[in-house]
Amino acid sequence: VWRDTNYQSTPYAWKKDLFNILYGTMPMWHINRPLWTSHKKEMIASYNSIASVRQRIGFAEMVNHGWLTPDRSVQFTDWDNSDRVIVNFSDRSFERQSREPVPPRSFLVERVADK
């Protein structure tokens, strides 16, 4: 649906990016000149973030999904290539015991074997 692209509602573009990262899906952008001019920097950062994850999991099969917080603001997906994607939708850092924290509105990718 072209009316539901990543930058259709720019205040929530970050959230759509994180969903694309979590599920390994390609973003959908409907770009016109004014939107590109206004958000070029953000769109390039969006592309780079999503592409960095897609390079690792783009051809993998999702084998698990779950939540790491009771409010479901931190979620993960596991992939058959042993990668885990963790996405933090909250405005607070997600602290993990003896592991790298996941900053607010951010993500990380790690090997499941590293858990």
Side-chain angles (χ1 to χ4, degrees):
V1 176
W2 283 107
R3 293 180 307 266
D4 194 28
T5 65
N6 282 39
Y7 279 86
Q8 185 68 31
S9 179
T10 52
Y12 298 102
W14 66 271
K15 196 172 220 178
K16 286 202 170 244
D17 285 349
L18 289 179
F19 276 117
N20 287 131
I21 289 166
L22 180 66
Y23 295 119
T25 56
M26 295 297 296
M28 184 168 45
W29 294 322
H30 183 84
I31 302 171
N32 57 29
R33 181 60 61 187
L35 188 61
W36 176 252
T37 302
S38 298
H39 299 285
K40 178 181 178 179
K41 184 178 178 180
E42 296 97 327
M43 289 178 149
I44 291 171
S46 168
Y47 171 83
N48 289 331
S49 293
I50 294 168
S52 72
V53 176
R54 292 276 307 162
Q55 287 174 343
R56 288 182 67 161
I57 66 168
F59 292 101
E61 179 182 343
M62 185 193 305
V63 295
N64 194 15
H65 170 268
W67 299 274
L68 299 172
T69 57
D71 67 358
R72 299 184 175 190
S73 64
V74 182
Q75 300 181 26
F76 72 90
T77 48
D78 289 335
W79 302 84
D80 70 356
N81 66 353
S82 297
D83 279 334
R84 171 172 274 191
V85 176
I86 301 174
V87 170
N88 183 357
F89 292 101
S90 83
D91 293 324
R92 296 180 312 275
S93 183
F94 177 64
E95 303 299 325
R96 304 183 307 152
Q97 186 174 349
S98 302
R99 305 286 303 168
E100 177 183 358
V102 184
R105 295 185 177 191
S106 187
F107 72 95
L108 63 83
V109 181
E110 62 188 9
R111 287 283 170 192
V112 174
D114 293 341
K115 294 190 306 182

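Values in this document were obtained by computation on a predicted structure and should not be read as measured data. Along the sequence shown, the residues carry numbers beginning at 1.
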Do the rings of Tyr23 and Phe19 sit parallel, tilted or perpendicular, given the 30° and 60° boundaries?
parallel
We want to know whether Asn20 and Thr25 form a side-chain donor-acceptor pair, criterion being a heavy-atom distance below 3.5 angstrom.
yes
Search all heavy atoms of Ser106 against all heavy atoms of Pro103 and return the closest pair with its distance.
CB-O, 3.2 Å
Same cluster (ILVMFWY, side-chain, under 4.5 Å), Leu18 and Trp79:
yes
Using the rule that Ile, Leu, Val, Met, Phe, Trp and Tyr join whenever any side-chain heavy atoms are under 4.5 Å apart, tell me whether Tyr47 and Phe107 fall into a single cluster.
no
Checking the side chain of Asp83 only, and the main-chain atoms of Val109 only, is there a donor and an acceptor separated by less than 3.5 Å?
no
Which atom of His30 lies closest to which atom of Leu35, heavy atoms considered:
O-CD2, 3.5 Å
Please tell me whether Phe89 and Val74 are part of a single hydrophobic cluster in this structure, the criterion being side-chain heavy atoms less than 4.5 Å apart.
no
Can you tell me how far the NZ atom of Lys41 sits from the CH2 atom of Trp36, to the nearest 0.5 Å?
13.0 Å
Residue pair Glu110 / Arg56: nearest heavy atoms and the distance that separates them:
C-NH2, 4.3 Å
According to a 4.5 Å side-chain heavy-atom criterion applied to Ile, Leu, Val, Met, Phe, Trp and Tyr, with indirect links allowed, do Ile50 and Trp14 form part of one hydrophobic cluster?
yes
Under a 4.5 Å side-chain heavy-atom rule over Ile, Leu, Val, Met, Phe, Trp and Tyr, are Val53 and Leu22 clustered together?
yes
Got a donor-acceptor contact below 3.5 angstrom from the Arg84 side chain to the Thr77 backbone?
no
Quick one: hydrophobic cluster around Tyr12, which other residues, with the 4.5 Å side-chain cut-off, linked directly or via members?
none
Would you say the side-chain atoms of Asn6 pair up with the backbone N or O of Pro27, donor to acceptor, closer than 3.5 Å?
no
Output the distance between atom CE (Met62) and atom CG (Asp80), rounded to the nearest 0.5 Å.
11.0 Å
Per side-chain contact (heavy atoms from CB on, under 4.5 Å), Val87 is matched among Asp17, Leu108, Ile21 by Ile21
Does Arg96 have more than 12 heavy atoms from other residues, nucleotides or ligands lying within 6.0 Å of its CZ?
yes
Asn64 side chain to Asp78 main-chain N or O, any donor-acceptor pair under 3.5 Å?
no
Whether the side chain of Ser49 engages the backbone of Ser46 through a donor-acceptor N/O pair (distance < 3.5 Å, no angle test) should be reported.
no
To the nearest 0.5 Å, atom OG of Ser73 lies from atom CZ of Arg92 at 6.0 Å
Going from CG on Leu68 to CZ on Phe94, what distance comes out if it is rounded to the nearest 0.5 angstrom?
4.5 Å
